[in-house]
Amino acid sequence: MEKPDRSFEEQRFSAFFHQALVGIAHTDLSGRFVLVNQRYCEIVGRTQEELLNLRMQDLTHPDDVGGNLELFQRTTQGGPPFIIEKRYLRPDGSIVWVNNSVSALMNAEGRAHLLMAITQDISERKRSETQLRFLSDASRLLSEWPEDAVRVLQGLTRLATASVATMCLAELVRPDGSPCHVAVAHRDSSQESLLQQVMKSPSSPGSPLHPVLQTGEARLDTHLAPEQLAALRALGAHSAMAVPLKARGRVLGILFFGTSEPGQRYAPDDLAMAQELAHRTVATLENARLFREAQEAIQLRDEFLSVASHELRTPLVSLSLQLELVHRVLNEESRRQVENRFFVVRRQLGRLSSLVNDLLDVSNISAGKLELELADVDLVQLTRDVLERMHVVFEQNGCAVTLHAPSEPLRGQWDAARLEQVLINLLGNATRYGQGRPIVVNIRADNDRAWLSVRDEGIGIAPEDLPRIFDRFERAVSRRHYGGLGLGLYITRQIVESLGGQVRVESEPGQGSLFEVFLPRTALR
Ligand code: ADP
């Protein structure tokens, strides 16, 4: 192959150098520029003539000079090439982020005599990274105090002024439609009252927020009227944007961002970031509102239940007493005549009382007032008594009940009445949902614990319902087929847990259910 002549080499180098889409600069060992290409000049915002009178460290952001010089010196002393991300300051005060790849050019003696930097403008990437970091920090903040809108907005404005804005302001629109500033932040906190003053109320036409309140749409300052732009200038902001906090078509507030950072101008992608932040903020605040409302509704329901159950209990007790009194004063003949009716009335009264008692228990539990009366209790005897008392119920439902229990007493420090309640709930459910099939009760114990289980072969429970059936008012059957309030298992779990035990369930639809209770035998202190 023919050897290219020197002028060809020079032409080739010149073409690479001048046409490159990256900046190329040669400096001497002190950092002084000796050769720069056009792209480099564009990146740093200076002419070739200016640069040849400067050193690379003269352009570098003061905070980045130290780290850069150290690497630079290492390379001039024969060290390896290096790559660094750093900031240059342009003459207009704006910052440009670059990726610099630097290596030494050797002379005939093999010593470094020039350094070559290949420079890429990475400001856009850095800007996106800042936006993303801001959004992710903001999201973290939104998850921290979602219930307090004002604190959330104060946190957000402070966060914004630490990265994407010089100044930031948040407005909330009151229920009567009037807006008010709820959070104001400026990098220079002495400017915050001026910011508040200049922004005025968004409902006043001179406010830069006015267009957003009127249209409900996000705006860059390019849409502002002269008076509104003048307000921004008074703040020293040369670029600004504002986004609505909108829910269900209504503007609930506004977020405003302004910058006086040289060279920073908000662009459509900044506006998109601000809108994303506004969406996340609104979603968090709306969720917090819904949650608060749900909590309030639950509290109202609990208060109502507590009052209603207390109010219902008194006449019920009196009704039962009166019924028994009437029964007692009837003569033999009349008693025989009304016996069936009495039986039905007593049963219905019993059902009503147990529903009211469940409601009463739930409100006591919610108020933390589940009191236990611990005593020496024989679980075997207690179970036999309950089975005896419930035998009519089992008979009516056609359920055969078998008890497997130790022949000797099984004692523990428990609350007898509450334990009976647990048994009645589990046996009542096994009967109601047991489809008339056999029920088996098992009792066993070791020195420290007792186990009680109730197994039925009834309708069973779907796996997805199992986690919730121990919660208040939770049911896994249709109200049309089975009556009930969904409180029995909730109360059962509360009782068992306050005795230091646990209750668990295993079940398969169509196969039946096994409820197991374990209880420590010693009294809880
Ligand atoms: P209730 O029976 O009044 O609805 P519970 O709290 O006692 O309330 O029970 C909650 C739900 O758990 C019931 O609605 C039912 O769906 C389910 N469940 C409880 N025990 C059984 C069982 N032995 N077999 C099938 N489902 C049951």
Side-chain angles (χ1 to χ4, degrees), residues 298 301-302 305 308-309 312 347-366 370 383 386-387 389-391 393-404 417-443 451-499 501-518:
I298 289 175
R301 179 195 71 186
D302 287 351
L305 287 180
S309 47
L312 286 169
R347 213 182 54 200
Q348 295 300 352
L349 265 180
R351 267 198 71 197
L352 205 54
S353 306
S354 88
L355 288 174
V356 170
N357 284 340
D358 276 357
L359 288 177
L360 211 60
D361 276 344
V362 169
S363 38
N364 284 338
I365 290 167
S366 311
L370 180 75
T383 308
V386 170
L387 291 177
R389 260 186 285 143
M390 290 184 72
H391 85 274
V393 183
F394 300 137
E395 256 173 41
Q396 278 168 352
N397 288 276
C399 296
V401 182
T402 316
L403 171 67
H404 298 294
R418 291 298 186 183
L419 261 194
E420 278 185 8
Q421 208 177 340
V422 167
L423 260 166
I424 291 169
N425 283 341
L426 296 181
L427 288 164
N429 283 348
T431 315
R432 257 192 308 153
Y433 305 117
Q435 296 183 306
R437 305 222 176 93
I439 297 170
V440 178
V441 181
N442 246 301
I443 296 176
W451 283 268
L452 165 88
S453 68
V454 177
R455 179 190 291 281
D456 66 65
E457 297 171 20
I459 60 171
I461 303 161
E464 64 273 19
D465 292 325
L466 288 176
R468 64 180 179 87
I469 55 171
F470 290 98
D471 291 336
R472 271 195 308 182
F473 300 108
E474 289 293 346
R475 312 198 66 222
V477 284
S478 93
R479 197 161 292 284
R480 214 148 40 92
H481 296 113
Y482 298 94
L485 293 177
L487 292 177
L489 289 181
Y490 170 71
I491 295 169
T492 298
R493 188 175 70 177
Q494 298 299 320
I495 294 173
V496 171
E497 287 182 357
S498 54
L499 286 167
Q502 275 174 6
V503 54
R504 53 184 293 277
V505 58
E506 269 171 36
S507 186
E508 224 179 285
Q511 300 297 307
S513 308
L514 169 70
F515 283 86
E516 282 183 297
V517 172
F518 111 80

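Counting convention: from 1, in listed order, for ligands and their atoms alike. What you see below is based on every heavy atom in this structure, not just the backbone, and it leaves out hydrogens, waters and symmetry mates. Residue indices begin at 1 and follow the sequence shown.
When only interatomic distances are considered, the shortest N/O to N/O separation between Gly488 and ligand 1 falls below 3.5 Å. Taking any N or O of Asn429, backbone or side chain, at least one lies under 3.5 Å from an N or O belonging to ligand 1. The shortest N or O to N or O distance between Ala476 and ligand 1 is below 3.5 Å.
Relative to atom 5 (P) of ligand 1, the option among Leu427, Asn425, Leu489 with the closest non-hydrogen atom is Leu489.
For Arg351, the CZ atom is loosely surrounded, since the number of other residues' heavy atoms within 6.0 Å does not exceed 12. Heavy atoms from other residues, nucleotides or ligands lying under 6.0 Å from CZ of Arg432 number more than 12. Counting heavy atoms of neighbouring residues, nucleotides and ligands inside a 6.0 Å radius, atom CD of Gln502 does not exceed 12 of them.
Here the shortest heavy-atom pairing between Ser309 and Leu359 reads CB-CB, 3.7 Å. Nearest heavy atoms, Thr431 versus Cys399: CG2-SG, 4.0 Å.
When only non-hydrogen protein atoms are considered, atom 21 (C) of ligand 1 lies nearest to Tyr433 CD1, 3.4 Å. Counting protein heavy atoms only, atom 8 (O) of ligand 1 is closest to Gly486 CA, 3.1 Å. The nearest heavy-atom contact from the protein to atom 12 (O) of ligand 1 is Ile469 CG2, 3.5 Å. Atom 4 (O) of ligand 1 has its closest protein heavy atom at Arg475 NE, 2.5 Å.
Residue-ligand proximity, Ser513 to ligand 1, at heavy-atom distances under 4.0 Å covers atoms 22 (C), 24 (N), 25 (C). Each of the atoms 1 (P), 2 (O), 3 (O) of ligand 1 lies under 4.0 Å from some heavy atom of Arg432. The atoms of ligand 1 that sit less than 4.0 Å from any heavy atom of Leu487 are 6 (O), 8 (O). Taking every non-hydrogen atom of Leu485 and a distance limit under 4.0 Å, the qualifying atoms of ligand 1 come out as 3 (O). Each of the atoms 3 (O) of ligand 1 lies under 4.0 Å from some heavy atom of Gly484. Numbered from 1 in the order shown, with element, the atoms of ligand 1 that lie under 4.0 Å from a heavy atom of Glu474 read 10 (C), 11 (C).
Contacts of Leu426 with ligand 1, taken as heavy-atom pairs under 4.0 Å, are absent altogether. Here Ile461 has side-chain heavy atoms under 4.0 Å from ligand 1, and that is the only part of it that gets that close.
Side-chain contact check for Ser498 and Arg418: no donor-acceptor pair (N or O, by modelled atom type) lies under 3.5 Å. Of the N and O atoms on the side chains of Gln421 and Asp361, at least one donor lies less than 3.5 Å from an acceptor on the other residue. With 3.5 Å as the limit, one finds a donor-acceptor pair spanning the side chains of Thr492 and Asn425.
Looking at Arg437, its side chain never comes within 3.5 Å of a backbone N or O of Gly398 through a donor-acceptor pair. A distance-only check finds a donor-acceptor pair linking the side chain of Asp456 to the backbone of Ser513 [under 3.5 Å].
For the pair Asp456 and ligand 1, a heavy-atom separation below 4.0 Å is found. Within the structure, ligand 1 lacks Gly458 among the residues with a heavy atom less than 4.0 angstrom away. Ligand 1 is approached by Phe515 to a heavy-atom distance shorter than 4.0 Å.
Partners of Phe518 according to the ring-ring contact (aromatic ring centres under 6.0 Å, His included) rule, which considers only residues two or more places apart in sequence or in another chain, do not exist here.
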>> Under the criterion side-chain contact (heavy atoms from CB on, under 4.5 Å), I'd like the reasoning laid out for Glu497 against Phe470: C-alpha separation, chi angles, the key distance, then a yes or no.
In response: CA-CA 12 Å; Glu497 287 182 357; Phe470 290 98; over 6 Å; no

